[in-house]
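To keep things clear, I will list the structure first and then write my remarks on it.
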Amino acid sequence: MQKSLKSAEYSRLIDLLVAVRKGVDVRQETLAKKLGKPQSFIAKYENGERRLDVVEFITIARALGADPTKLFKDYVGGKGAAKTAPKRQAK
């Protein structure tokens, strides 16, 4: 089984969060400040260097004004931003 950090499915989940952030026109720095985290926290999970847990996913979604339940349902249902969001380089 492939580690989830490098999987296409995990990448699709992160792409969804990135698309939401960009869709509401929030910069990484602004989101980080709302979360009380450094900007590097956002950059690392968006670039596939850090894995999010479910609690962090919920907190980030809410900080962006999104419904985490709807986002997760969209993800599970195959909806997402993988086709529109730029691909991250695998490390």
Practice task
Ignoring hydrogens and angles, tell me if any N or O in the side chain of Asp53 forms a donor-acceptor pair with the backbone of Val55 under 3.5 Å.
Solution key: yes
If you measure from [atom1] on [X] to [atom2] on [Y], what distance do you get to the nearest 0.5 Å?
{"X": "Asp25", "Y": "Leu64", "atom1": "CG", "atom2": "CG", "value": "11.5 Å"}
{"X": "Leu17", "Y": "Ile60", "atom1": "CG", "atom2": "CD1", "value": "6.0 Å"}
{"X": "Leu71", "Y": "Arg62", "atom1": "CG", "atom2": "CZ", "value": "11.5 Å"}
{"X": "Ile14", "Y": "Arg50", "atom1": "CD1", "atom2": "CZ", "value": "9.5 Å"}
{"X": "Leu13", "Y": "Arg51", "atom1": "CG", "atom2": "CZ", "value": "11.5 Å"}
{"X": "Leu52", "Y": "Phe57", "atom1": "CG", "atom2": "CZ", "value": "9.0 Å"}

Problem - For Lys33, side-chain hydrogen bond (donor to acceptor under 3.5 Å, both in side chains) partners two or more places apart - result: none
Practice task
Flag the pair Lys22 and Glu46 as a salt bridge only when some basic side-chain nitrogen lies within less than 4.0 angstrom of an acidic carboxylate oxygen.
Solution key: no
Exercise for the section: Could you pull out the closest heavy-atom pair between Lys34 and Ala63, with the gap in Å? Expected result: NZ-O, 2.8 Å
Fill in the blank from the handout: Val26 and Thr30 have their tightest heavy-atom pair at CG1-CB, 3.9 Å
Exercise for the section: Please assess Phe72 against Ile58 for the test side-chain contact (heavy atoms from CB on, under 4.5 Å), listing each intermediate value before the final yes or no. Expected result: CA-CA 9 Å; Phe72 195 71; Ile58 292 167; over 6 Å; no
Problem - Aromatic ring pairing Tyr45/Phe41, orientation class (parallel under 30°, perpendicular over 60°, tilted between) - result: perpendicular
Exercise for the section: Scan side-chain atoms only and decide if Gln28 and Gln39 contain a donor-acceptor pair under the 3.5 Å cut-off. Expected result: yes
